[in-house]
Amino acid sequence: MSKIFDVESVQILRGQLADEMVSKHYRHYKGGLYIVINVVVKEDTGDIIICYRSLEYGYVWARILADWSSKVPSLEVKGEFVQRFSIVV
């Protein structure tokens, strides 16, 4: 069965994102701190998935890139939106 996505292009993007994100710390909009541990591709859909670990509890999570990068309603200012995850510098 053929893939419905360009495997090479997806893997190139995955590699670029991994170079930018792996081992970096991010803050979730609700306050938790996380470290990105890997960037992977879901083999049947080509979705790029961010794998990350809680710095507080050690739990490991995975989230598709579209959700990771999305904006969500602010918990502090009604009507405003913030990034779900923001890099900690």
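In this text, all values refer to a predicted model and were calculated from it rather than measured experimentally.
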Are side-chain N/O atoms of Arg27 and Ser86 paired as donor and acceptor at under 3.5 Å?
no

Looking only at non-hydrogen atoms, find the nearest pair between [X] and [Y] and report the distance.
X     : Y     : result
Cys51 : Val40 : SG-CG2, 4.0 Å
Tyr29 : Gln83 : CB-O, 3.7 Å
Val82 : Ser74 : CG1-CB, 4.1 Å
Tyr57 : Ser54 : N-OG, 2.9 Å

Exactly one of Trp68, Tyr26, Tyr59 clears side-chain contact (heavy atoms from CB on, under 4.5 Å) with Tyr52, and that residue is Trp68

The residue among Val22, Ile50, Val60 that forms side-chain contact (heavy atoms from CB on, under 4.5 Å) with Ile37 is Val60

ask   = What do the steps show when you test Lys30 against Leu75 for side chain to side chain contact (heavy atoms under 4.5 Å, CB included), and what is the final call?
value = CA-CA 8 Å; Lys30 291 182 180 176; Leu75 298 176; 3.8 Å; yes

What verdict does the side chain to side chain contact (heavy atoms under 4.5 Å, CB included) test give for Val36 and Lys24, after you've listed the backbone C-alpha separation in whole Å, the side-chain angles of each residue and the deciding distance to 0.1 Å? CA-CA 6 Å; Val36 172; Lys24 303 277 187 344; 5.6 Å; no

In Å and rounded to the nearest 0.5 Å, what is the [atom1] to [atom2] distance from [X] to [Y]?
X     : Y     : atom1 : atom2 : value
Asp47 : Asp67 : CG    : CG    : 9.5 Å
His28 : Arg84 : NE2   : CZ    : 5.5 Å
Arg53 : Ile35 : CZ    : CD1   : 5.5 Å

[X], [Y]: one ILVMFWY side-chain cluster at the under-4.5 Å cut-off?
X     : Y     : answer
Ile4  : Val10 : yes
Val7  : Leu13 : yes
Leu65 : Ile87 : yes
Leu17 : Ile49 : no

Checklist entry - Are Tyr34 and Trp61 close enough, and set up right, to give a ring-ring contact (aromatic ring centres under 6.0 Å, His included), and what steps lead you there? => result CA-CA 10 Å; Tyr34 299 87; Trp61 304 98; 8.0 Å; no

| Would you say Arg14's side chain and Ile48's backbone share a donor-acceptor pair under 3.5 angstrom? | no

Hey, does Leu33 have a side-chain heavy atom less than 4.5 Å from the side chain of His25? no

